[in-house]
2 protein chains.
Amino acid sequence: MNTETDRVVDTFELKKAGLKATLPRLRILEILEKGGDRHMSAEDVYRALLEVGEDVGLATIYRVLTQFETAGIVERHNFDGSHAVFEIARGPHHDHMVCLDTGEVVEFFDEEIERRQRDIVEAHGFDLQDHSLVLYVRRKKEAGDGRR
Amino acid sequence: MNTETDRVVDTFELKKAGLKATLPRLRILEILEKGGDRHMSAEDVYRALLEVGEDVGLATIYRVLTQFETAGIVERHNFDGSHAVFEIARGPHHDHMVCLDTGEVVEFFDEEIERRQRDIVEAHGFDLQDHSLVLYVRRKKEAGDGRR
DNA sequence: ATGAATGCAAAAACTTTGCATGACG
DNA sequence: CGTCATGCAAAGTTTTTGCATTCAT
């Protein structure tokens, strides 16, 4: 709840990014914020909006998500090569593990890994700009289980 | 050189994978082995073959690369979300750093990172099946440089 | 009012697939 | 020879773009 305040905050966030506070953009932001799903594809956002009765063109979703990414409002990930997913860029940096069976996504952060990455890149004469770490996992089988 | 021996080895590798040693498959394997480029897209392979006078259909390249991946002969990577690149799966595991300016790809391996990944996954009750780590970098600016 | 944003449909980029023909074992 | 592989073109996916219309400021 507290949609009132949120809308104001969102409007401010958009303007700060030099984007007009249009209805589609506010709606997309809302979905990304409150959506049960922290990692949604453009299509996911599109359908979520339809369910709420808002009919925003898929092209707009793509355009807006790309603008949000540029503005640092969302992060784009490519867990599989086939399609991108987006998540609100709130909170500190983290990486992801994706369950190959269920698609479940778990976020994690490890200072050790972060530091090693910086060191390695440095040692090669580069500056680290960004990185993408995805661990593909399966839930550990309990003894005498694994059946489905 | 030593094309003779290589061809025999390749033929064996294909048969071992349950694939007929056809001309297109042998050619694609050759390109991936000797190509100056260790990380090629399907299109790259296609054009490399054309330059050698071999006209293999792009569809075949895709099919064969996918079969090779399944057979463990090549690895598929998605450095950017837009298109896949393939590399011969020779030698030990390694990760990649990609230069955002030049596209240059540098391979590296870090036992520390590998270990942390396994530990983290374990701690969450999962088994690590695979992972993808890509560091996006830029060559470090030398003092009073950066111009191009 | 005016430049920015949207929607629609068309196009683009990458990859897969159906089917007739051709090659490997 | 039988089966698997190839080539071509057509279809599939995901994402982008052109253009007329609508909206925010």
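For the numbers below, each heavy atom of this structure counts, side chains included, while hydrogens, waters and symmetry mates do not. Residue numbers begin at 1 in each chain, while the letters A, B, ... track the order of the sequences.
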B:I73 and B:E13, any side-chain heavy atoms less than 4.5 Å apart =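 Contact flag for B:E13/B:I73 side chains = yes.
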Side-chain contact, heavy-atom cut-off 4.5 Å: B:L135 with B:F108?
->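 SC-SC contact between B:L135 and B:F108 confirmed.
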Under 4.0 Å protein heavy-atom contact, by nucleotide of nucleotides 15-25 of chain D - B base, S sugar-phosphate only | BBBB-----BS
What is the distance from [atom1] of [X] to [atom2] of [N], rounded to the nearest Å?
{"X": "A:I28", "N": "C:dT6", "atom1": "CD1", "atom2": "P", "result": "7 Å"}
{"X": "A:M40", "N": "D:dT14", "atom1": "CE", "atom2": "C1'", "result": "17 Å"}
{"X": "B:Q67", "N": "C:dT17", "atom1": "CD", "atom2": "P", "result": "12 Å"}
{"X": "B:D80", "N": "C:dC14", "atom1": "CG", "atom2": "C1'", "result": "11 Å"}
{"X": "A:D55", "N": "C:dT6", "atom1": "CG", "atom2": "P", "result": "14 Å"}
{"X": "B:L65", "N": "D:dT6", "atom1": "CG", "atom2": "C1'", "result": "14 Å"}
{"X": "A:I61", "N": "C:dT6", "atom1": "CD1", "atom2": "P", "result": "10 Å"}
{"X": "A:Y46", "N": "C:dG7", "atom1": "OH", "atom2": "P", "result": "10 Å"}

Checking [Y] against [X]: is there a side-chain donor and acceptor pair closer than 3.5 Å?
{"X": "A:R76", "Y": "A:T66", "value": "yes"}
{"X": "B:H94", "Y": "B:E75", "value": "no"}
{"X": "B:H83", "Y": "B:E43", "value": "no"}

Is the CZ atom of A:F109 crowded by more than 12 outside heavy atoms at less than 6.0 Å?
->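 Atom CZ in A:F109 is crowded, with more than 12 foreign heavy atoms closer than 6.0 Å.
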